[in-house]
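Counting begins at 1 with the first residue of the sequence.
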Amino acid sequence: MSLPISKKLHELISQQSISMHVPGHKNMTIGKLESLDLKMDMTEITGLDDLHHPEDIILESMSNFNKHRDYDAYLLVNGTTSGILSVIQALAYESGNYLIPRNVHKSVFHGLELANQKATLTNMKVSSTSYHYIAPNFKGLDLSQHKLAIMTYPNYYGETYSIQTDIDLLHSNNVPVLVDEAHGAHFGLDGFPDSTLNYGADYVVQSYHKTLPALTMGSVLFIHKDAPYKESIKQYLSYFQTSSPSYLVMASLELAQTFYQNYDSDLFFEKRHILSNVLKRKSFVVKEVDDPLKMLISYPGYSGYEIQKWFEKEHIFVELADEYQILFVLPLWHKDDKYPFEILIDKIKSMVLPKVKKDVLIYPQLMTESGTFLPMIYNKVKWIDISHSEGKLLAQHVIPYPPGVPILFKGEKITLNMIKLINQYQHSNMKVEGIKNNQILIKDE
């Protein structure tokens with residue numbers, strides 16, 4: 001057997017690739033994950049408790065994830081997705097629709113389809129910094145007709161908004177709130193935004209592995225002590241998580257929480273300042289967002305995809321690229337970390353870059369209007385050329401990945417604006433799920 005996955009991973013390690021992407025341990029250079037031992041990959045033998053019925057060490061461990069006194073924590077070994085699916089399913093038998101903004105992760109739609117549930121799509125506000133969705137707009141919606149609101153905070157680019165106002169408004173209409181805070185596990189550290197744990201959200205799920213030093217798939221679901229449906233959610237967690245949970249992942253979550261509790265952010269901001277200045281001296285434009293852990297970088301006259309190639313030539317790998325910029329997810333630098341910061345700086349200083357050009361940006365016309373998502377199953381579907389799809393019903397989500405946020409939803413009628421948007425993504429060479437050979441999947445009449 002050729003072992004292609006192992007071969008590629010070893011290749012990246014041998015190249016000493018530098019991580020400006022998730023997971024938060026940055027190729028094991030941040031945190032103390034070296035204390036993990038592969039021999040710790042055990043099962044639920046005597047003394048190791050049971051994640052699906054915690055009574056001993058796992059119960060004790062979860063009590064230490066005390067980010068806020070009003071919340072109980074539940075360890076997730078199948079990623080944030082398992083927490084999202086569990087909350088959606090727990091409310092499936094209640095009356096009313098779900099309420100979602102257009103920038104929810106694709107796992108939300110998977111949950112709605114599994115539960116066969118309708119959802120109201122809110123109007124959306126688009127950021128003038130990242131040019132992507134930033135916040136929902138509830139204007140014109142009867143909130144009281146909804147049984148759960150699912151919010152994304154922050155967005156993938158590290159932008160926040162006044163979500164406290166939205167949570168209060170939803171609660172005044174008796175609508176519980178699930179916040180997908182996947183990219184905010186580090187929120188609450190000095191100099192970083194507050195978590196929605198401080199804003200009274202009913203359920204908050206954080207991907208520890210994205211920004212803190214934990215193994216991939218390690219996440220935590222926080223449930224408010226006064227939140228409804230708690231017992232039902234706990235039951236569904238056992239449905240959507242493996243019956244053989246990884247003790248390595250759980251142990252890494254403990255280490256990540258300890259890291260969080262002891263973290264001093266002074267060194268982070270010192271190094272961030274150095275990195276930002278070096279980039280600017282190379283004529284990069286560094287766009288600041290609410291979360292300092294995220295850094296948006298553009299170069300006048302060039303797309304993010306071109307910039308990504310420049311960095312990858314130096315074995316520096318970014319989180320994502322889009323039409324306008326690349327995204328760095330910075331390390332949480334700390335004393336005695338092993339991150340190759342000096343090498344990173346030297347590589348950027350030595351980069352040979354083209355001359356800047358006049359910036360001519362064509363902003364994609366993202367869908368911003370409200371609508372309805374229906375969990376449709378089409379028995380007859382077919383692939384057709386994008387240019388011939390106007391008026392047809394989309395039979396598969398169209399999802400740029402990363403970030404994994406659908407731009408068009410299954411069941412939506414395809415418009416000329418949608419075709420223009422799809423073509424923009426096609427021409428950018430961005431990886432987009434739901435597009436194949438310039439064709440999309442539609443309902444076959």
For this session: Apply the test side-chain contact (heavy atoms from CB on, under 4.5 Å) to residues Val175 and Leu148: give CA-CA distance (whole Å), side-chain angles for both, the deciding distance (0.1 Å), then the verdict.
Result: CA-CA 6 Å; Val175 181; Leu148 176 70; 5.5 Å; no

Problem set entry | Residues Phe311, Phe328; criterion ring pair (Phe, Tyr, Trp, His ring centres under 6.0 Å); working and verdict | CA-CA 11 Å; Phe311 279 93; Phe328 277 3; 5.4 Å; yes

Exercise. Considering the options Ile167, Asp180, Ile163, Asn103, which one meets the side chain to side chain contact (heavy atoms under 4.5 Å, CB included) requirement together with Tyr153?
Worked result: Ile163

Do the charged groups of [X] and [Y] touch, with an N to O distance under 4.0 Å?
{"X": "Arg102", "Y": "Glu412", "result": "yes"}
{"X": "Lys309", "Y": "Glu312", "result": "no"}
{"X": "Glu319", "Y": "Lys294", "result": "no"}
{"X": "Lys230", "Y": "Asp72", "result": "yes"}

Using a 3.5 Å distance criterion without hydrogens, assess whether the side chain of [X] forms a donor-acceptor pair with backbone atoms of [Y].
{"X": "Gln241", "Y": "Ser238", "result": "no"}
{"X": "Thr258", "Y": "Glu254", "result": "yes"}
{"X": "Glu181", "Y": "Thr196", "result": "yes"}
{"X": "Ser389", "Y": "Ile386", "result": "yes"}
{"X": "Asn198", "Y": "Asp194", "result": "no"}
{"X": "Asn27", "Y": "Ser17", "result": "yes"}
{"X": "Lys443", "Y": "Lys380", "result": "no"}
{"X": "Asn123", "Y": "Ser370", "result": "yes"}
{"X": "Tyr208", "Y": "Gln257", "result": "no"}
{"X": "Tyr133", "Y": "Pro101", "result": "no"}

How far does [atom1] of [X] sit from [atom2] of [Y], to the nearest 0.5 angstrom?
{"X": "Leu76", "Y": "Phe240", "atom1": "CG", "atom2": "CZ", "result": "12.5 Å"}
{"X": "Ile326", "Y": "Leu320", "atom1": "CD1", "atom2": "CG", "result": "9.0 Å"}
{"X": "Glu113", "Y": "Phe109", "atom1": "CD", "atom2": "CZ", "result": "9.0 Å"}
{"X": "Ser61", "Y": "Asp56", "atom1": "OG", "atom2": "CG", "result": "11.0 Å"}

Pair [X] and [Y], ring centroids less than 6.0 Å apart:
{"X": "Tyr157", "Y": "His132", "result": "yes"}
{"X": "His146", "Y": "Tyr98", "result": "no"}
{"X": "Tyr203", "Y": "Tyr74", "result": "no"}

Quick one: do the [X] and [Y] side chains pair a donor with an acceptor below 3.5 Å?
{"X": "Asn173", "Y": "Gln145", "result": "no"}
{"X": "Asp168", "Y": "Gln164", "result": "yes"}
{"X": "Glu159", "Y": "Ser130", "result": "yes"}
{"X": "His105", "Y": "Thr152", "result": "no"}
{"X": "Gln325", "Y": "Asp322", "result": "yes"}
{"X": "His186", "Y": "Asp291", "result": "yes"}

For this session: Applying side-chain contact (heavy atoms from CB on, under 4.5 Å), name anything that partners Ile399, two or more places apart in sequence or on another chain.
Result: Lys106, His397, Pro406, Glu433

Exercise. Leu3: what forms a side-chain contact (heavy atoms from CB on, under 4.5 Å) with it, not counting sequence neighbours?
Worked result: Met1, Ser6

For this session: Show your working on side-chain contact (heavy atoms from CB on, under 4.5 Å) between Met20 and Ile316 and close with a plain yes or no.
Result: CA-CA 7 Å; Met20 302 306 288; Ile316 301 168; 3.8 Å; yes

Problem set entry | Pair Leu178-Asp202, side-chain contact (heavy atoms from CB on, under 4.5 Å): steps then yes or no | CA-CA 6 Å; Leu178 163 63; Asp202 299 271; over 6 Å; no

For this session: Would you kindly check if the NZ (Lys) or CZ (Arg) of Lys67 is within the cone defined by 45 degrees around the ring axis of Tyr260 and under 6.0 Å from the six-membered ring centre?
Result: yes

Exercise. Using 30° and 60° as the class limits, which term best fits the ring planes of Tyr71 and His68: parallel, tilted or perpendicular?
Worked result: perpendicular

Exercise. Can you say whether the rings of Trp310 and Phe284 are parallel (under 30°), tilted (30 to 60°) or perpendicular (over 60°)?
Worked result: tilted

Problem set entry | Derivation of the salt bridge (Lys or Arg N to Asp or Glu O under 4.0 Å) call for Glu390 and Lys413 | CA-CA 8 Å; Glu390 183 183 2; Lys413 183 174 287 189; over 6 Å; no

